[in-house]
Number of protein chains: 2
Amino acid sequence: MAARLLGTAAELFWRNGYAATTTRELSEGLGVQKASLYYHVRKKEDLLYSICVNALTNILSRARDEVSQVSLPEERIRALIRGHLTAMLDDKDQHATMLTELRSLTPKRRREIVSLRDQYERFIEDVIRDAQKAGAIRADIPAKILKLGLLDLLNWAIFWFDGNGELTPKSLADDFTSLYLDGAKRQLQRR
Amino acid sequence: MAARLLGTAAELFWRNGYAATTTRELSEGLGVQKASLYYHVRKKEDLLYSICVNALTNILSRARDEVSQVSLPEERIRALIRGHLTAMLDDKDQHATMLTELRSLTPKRRREIVSLRDQYERFIEDVIRDAQKAGAIRADIPAKILKLGLLDLLNWAIFWFDGNGELTPKSLADDFTSLYLDGAKRQLQRR
DNA sequence: GTCTATAAAGAGATAGAC
DNA sequence: GTCTATCTCTTTATAGAC
């Protein structure tokens, strides 16, 4: 399916919501007639499904790739945050749509996407658990909560991050890495 | 407007999305006829608007209330996290709807709600900035980023927190407070 | 305050020509 | 691969009785 079609769909789905986006708006955005869409796609929902698959396979491979290049447990978490944030913010529309519109998929497809998402979350939790075992990450909070807290911190940024501002995905990754690992409290000697 | 009407609307809006929720489903959920809704409300969007006002005034007063009861800067941040999470998770449907469906409001009303939200965010940023000035919170990351990071951490929990699980809003608040203030890294001596 | 009935508009999707 | 034309269904909202 044409990348432009998915890109335009994601843009509209993210701006106006999947259900509120009409095939008319979509075709206008693409500069074609409504009916032409149905040569590429059988149903409007196919677009949402493809966007979700795209976003998740993309972020998973990007995170895996970054993490695999370093071996120290703490460095692997830094790489994970960098990979997640840059993948997500470089393609905001598709990731935001995936993150917020899952409920609009048919049950079968929703289960499929949730299972992809679970796979990604297991990967993150494993990286954190390994770091706990190595003594680099605190063990008094369960790995599951540490993973959820990390994803909370990173994912919600999609709601306010403005690609045109001064803040870049990389500088945000630096700040959030430091915040996540060291905390917000003032420390006498920062490691 | 009847609280039951808003509660049912929020439940459906959060489960299926505002645009995807029909007045038919809403009336079925309430056990009345579709037309009866329009005695209480002029447009479907009125429901969304009321839900957003409710949620924001509620969380702002709850957070203000908690924070005002303590004076140590660090304690005020702990109170803020507790107040935010308990207010949000005790009324998940309305808060989740407010957090995710702003774009479905008319421009005028959206601006109004965003301004309410800005008011709340300024309050949080002030609490953090005061703590920075008092030397309790690190100053090498701008208060604005510390605020955004905190809201990211707390708000996204609405997507996965399950009120029927073993985790309570209070225990989650404890874990997230510790994570936010002290960080995920293992520390030799925890303060 | 709720009902039955219906208006009026907009939605997703298809048929068939080019 | 895109077009014009159209079908069919669902949507929000209103009129007016009780």
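Since this is a predicted model, take the numbers as computed values, not measurements. The figures that follow rest on heavy atoms only: side chains count, while hydrogens, waters and symmetry mates do not. Reminder, nothing fancy here: chain letters follow the sequence lines and each chain counts from 1.
Nearest-nucleotide assignment on DNA chain D puts the 5′-proximal partner with A/Tyr39, out of A/Tyr39 and A/Ala35.
The CG atom of B/Leu37 sits 10 Å away from the P atom of D/dT12 (whole-angstrom rounding). Distance, A/Glu28 CD to D/dC3 C1': 16 Å, rounded to whole Å. B/Arg24 places its CZ atom 15 Å from the P atom of D/dA13, with the value rounded to the nearest Å. When the C1' atom of D/dT11 is taken as reference, atom CG of B/Asn16 falls 15 Å away, rounded to whole Å. Protein atom OH of A/Tyr38 is 16 Å distant from nucleotide atom P of D/dT4, rounded to whole Å. Atom CD of B/Glu45 and atom P of D/dT11 are 19 Å apart (whole Å). Distance, A/Leu30 CG to D/dC3 P: 11 Å, rounded to whole Å. A/Lys43 places its NZ atom 16 Å from the C1' atom of C/dA11, with the value rounded to the nearest Å.
Among the heavy atoms of the strands, none lies under 4.0 Å from A/Ser27. Base contact: B/Lys34 has a heavy atom under 4.0 Å from a base atom. Within 4.0 Å of B/Thr22, counting heavy atoms only, lie sugar-phosphate atoms of the nucleic acid but no base atom.
Ionic pairing of A/Arg122 and A/Glu125 is not present here: no N-O contact between side-chain nitrogen and carboxylate oxygen is shorter than 4.0 angstrom. A salt bridge does not link A/Arg109 with A/Glu112: every distance from a Lys NZ or Arg NE/NH1/NH2 to an Asp or Glu carboxylate oxygen is 4.0 Å or more.
You'll find that the side chain of B/His40 is closest to C/dT2, out of C/dT2, D/dT2, C/dC3. Distances from the side chain of B/Gln33 to the nucleotides C/dA13, C/dT4, D/dA13 place C/dT4 closest.
Closest of all the heavy-atom pairs between B/Leu48 and B/Phe13 is N-CE1, 4.0 Å.
Of the residues listed (B/Ile77, B/Leu150, B/Ile137), the one engaging B/Val127 in a side-chain contact (heavy atoms from CB on, under 4.5 Å) is B/Ile77, and it is the only one.
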Apply salt bridge (Lys or Arg N to Asp or Glu O under 4.0 Å) to B/Lys43 and B/Asp46, showing your working.
-> CA-CA 5 Å; B/Lys43 309 201 287 359; B/Asp46 293 354; 3.7 Å; yes
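The phosphate of D/dC3 (OP1 or OP2) has a side-chain N or O of A/Ser36 nearer than 4.0 angstrom.
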